[in-house]
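In what follows, a structure is listed as structure tokens, so that the remarks can point back to it.
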Amino acid sequence: MDAHRTELNAYDPTIAAAIAGEERRQADGVEMIPSENYTYPEVLAALGSVLTNKYSEGYPGRRYYGGQEYTDAIETVARDRATALFRAEHANVQPLSGSPMNQACYFGLLNPGDTILAMDLSHGGHLTHGAPVSHMGKVFNFVRYKSAPDRQGAIDFDALLAQAKEVKPRMVLCGYSSYPRDYDYAAFKRVADEVGALTMADIAHIGGLVAADVMRNPFDAGFDVVTTTTHKTLRGPRGGMILCKKTFAQKIDSSVFPGLQGGPHMNNVAGAAITLKKAAEQDFRDYAVQTLRNAKALAAALMAEGVTLITGGTDNHLMVMDTVASFDLDGRAAEETLDRIFITTNKQVIPDDPRPPLRPSGIRLGTPACTTRGMDEADMTRIGGWIVQALRRHDDPLAIERLAETVRDFCRGFAVPGVSNI
Ligand SMILES: Cc1ncc(COP(=O)(O)O)c(C=O)c1O
């Protein structure tokens, strides 16, 4: 890797400097975007390997190109590790990322125009769950259910059943990008069974927490299909995986290839295999437990200062802060203020947000990345205090400058996996 870096420095100093700058940025600040993480050095090695040179259209033993001795072995190991870890009957590890994995499921299991009952986007659902701006929202008929933010984000399953009876979905979809609670998958399954719908859970965000068994596994409730990204709480390379019952294996595989994609990115598949090996170890379970503890500690520190968190707290790795209610600042201004003190967050719509997505009412915070660096509950309490001070004193440049120095000094005490000589 280092030899390659020297070559890059010499050949293309512009790109080399940008990579070095990004390394410094990732080390200097507290990363609180809940969908981000620091992957393992072993995964970085696989990503930067010669596997990127190889075309492997098809599946192990059934490829359209020769020379698959090693790629077949890698993909088979990745699939076996995925099925074992998630208690799934079948795994497809080829989706290039989270969005194509979901598209492959819809197209593989449904027909265009079919109805999918999915979480309202402002209550936590993802773009691929049928946002009008996404192609999926144009191809399928997405109908929305909501959570009750004033009842800790509870989902009213009687209302969901009534809605399901009315709209007759072909699929009940649960999953989220900004919902701070766990799901009652068994209750979703009962609703789906009543109306004869398929069940799909998109656990893109919480894949690592489910793998470590610190959050519920949808397969324990009999779900048909589960999708996850590999780069969020799972801490792997960018990518997606589809896990499903055996009866859907053929449809899912042919929907991924040749339905949606061409050649899989075998360097990523190798990275996913390494990630899945790591995720089965006790160290990863400890990491997942700590991620949840850190989220609770950060939420408690913020709420102790009077901050409004959507649903009043968190049961997973993320939380959504109503910055308008808490600080009279919209989400963009809050995000930019925290950027100035090296705490990275993202602006976020809140349930039924009256504001537009680029100037929403809140921000989203999460603990997966900072837990990877070894931060604990006491650190979360400190960080919570800095966030509140910065948002309260956002128009005081001196206060912001002092906080920025404090955060940078603090971060120097925590290494970034895969990044040396900062
Ligand atoms: C729930 C959920 N599904 C799917 C995706 C899409 O993943 P990607 O960005 O890798 O396409 C995301 C990404 O944030 C997500 O949160």
Side-chain angles (χ1 to χ4, degrees), residues 31-37 39 43 47 86 92-108 116-131 133-137 140 142 144-145 147 153 171-183 185 188 199-211 215-216 218 223 225-244 252 256 260-261 264-265 268-269 271-272 275 291 314 316-320 344-349 357 360 363-369:
E31 183 52 73
M32 297 227 110
I33 294 174
S35 47
E36 294 190 13
N37 214 327
T39 195
V43 169
L47 290 175
F86 287 96
N92 186 308
V93 295
Q94 293 195 4
L96 303 180
S97 209
S99 299
M101 84 193 169
N102 286 345
Q103 290 170 24
C105 292
Y106 305 150
F107 281 108
I116 303 174
L117 196 49
M119 184 103 151
D120 187 276
L121 300 181
S122 75
H123 285 239
H126 184 253
L127 281 174
T128 53
H129 303 174
V133 290
S134 89
H135 295 322
M136 294 305 97
F140 297 97
F142 284 86
R144 306 276 160 216
Y145 60 86
S147 63
M171 174 184 276
V172 172
L173 171 64
C174 52
Y176 50 80
S177 302
S178 59
Y179 176 64
R181 301 292 176 184
D182 203 358
Y183 270 148
Y185 296 106
F188 276 107
T199 40
M200 171 173 159
D202 172 359
I203 60 166
H205 258 260
I206 54 168
L209 306 173
V210 173
M215 289 189 72
R216 292 183 190 121
F223 263 55
V225 188
V226 176
T227 57
T228 183
T229 56
T230 45
H231 49 277
K232 303 183 201 265
T233 49
L234 205 48
R235 241 164 103 178
R238 303 197 85 80
M241 292 193 308
I242 303 174
L243 308 147
C244 63
I252 290 294
V256 172
L260 187 69
Q261 297 180 176
H265 297 180
N268 281 62
V269 174
T275 301
T291 299
T314 178
N316 58 26
H317 63 299
L318 68 83
M319 62 212 73
V320 178
T344 313
T345 62
N346 68 271
K347 58 182 111 25
Q348 176 66 49
V349 291
I363 56 171
R364 195 177 60 146
L365 301 156
T367 53

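One-based numbering along the sequence shown. Only this structure's heavy atoms are used, side chains among them; waters, hydrogens and symmetry mates stay out. Quantities reported herein were computed from a predicted structural model and do not represent experimental measurements. All ligand and atom numbering here is 1-based and tracks the order in the structure.
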Practice problem: Please assess Asn268 against Leu47 for the test side chain to side chain contact (heavy atoms under 4.5 Å, CB included), listing each intermediate value before the final yes or no. | Solution: CA-CA 6 Å; Asn268 281 62; Leu47 290 175; 3.6 Å; yes
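By the 30° and 60° cut-offs, the orientation of the rings of Tyr176 relative to Tyr183 is perpendicular.
Among residues two or more places apart in sequence or in another chain, the salt bridge (charged side-chain N to carboxylate O under 4.0 Å, His left out) test is passed with Arg181 by Asp315.
Protein residues with a heavy atom closer than 4.0 Å to ligand 1 are Ser97, Gly98, Ser99, Asn102, His126, Tyr176, Ser177, Asp202, Ala204, His205, Thr229, His231, Lys232, listed by chain and number.
A donor-acceptor pair under 3.5 Å links the side-chain atoms of Gln261 to the main chain of Gln94, judged by distance alone.
For the residue pair Asn316 / Asp182, no side-chain donor-acceptor distance below 3.5 Å is found, with atom types taken as modelled.
Annotation: Arg238, atom CZ; neighbour count of heavy atoms from other residues, nucleotides and ligands within 6.0 Å does not exceed 12.
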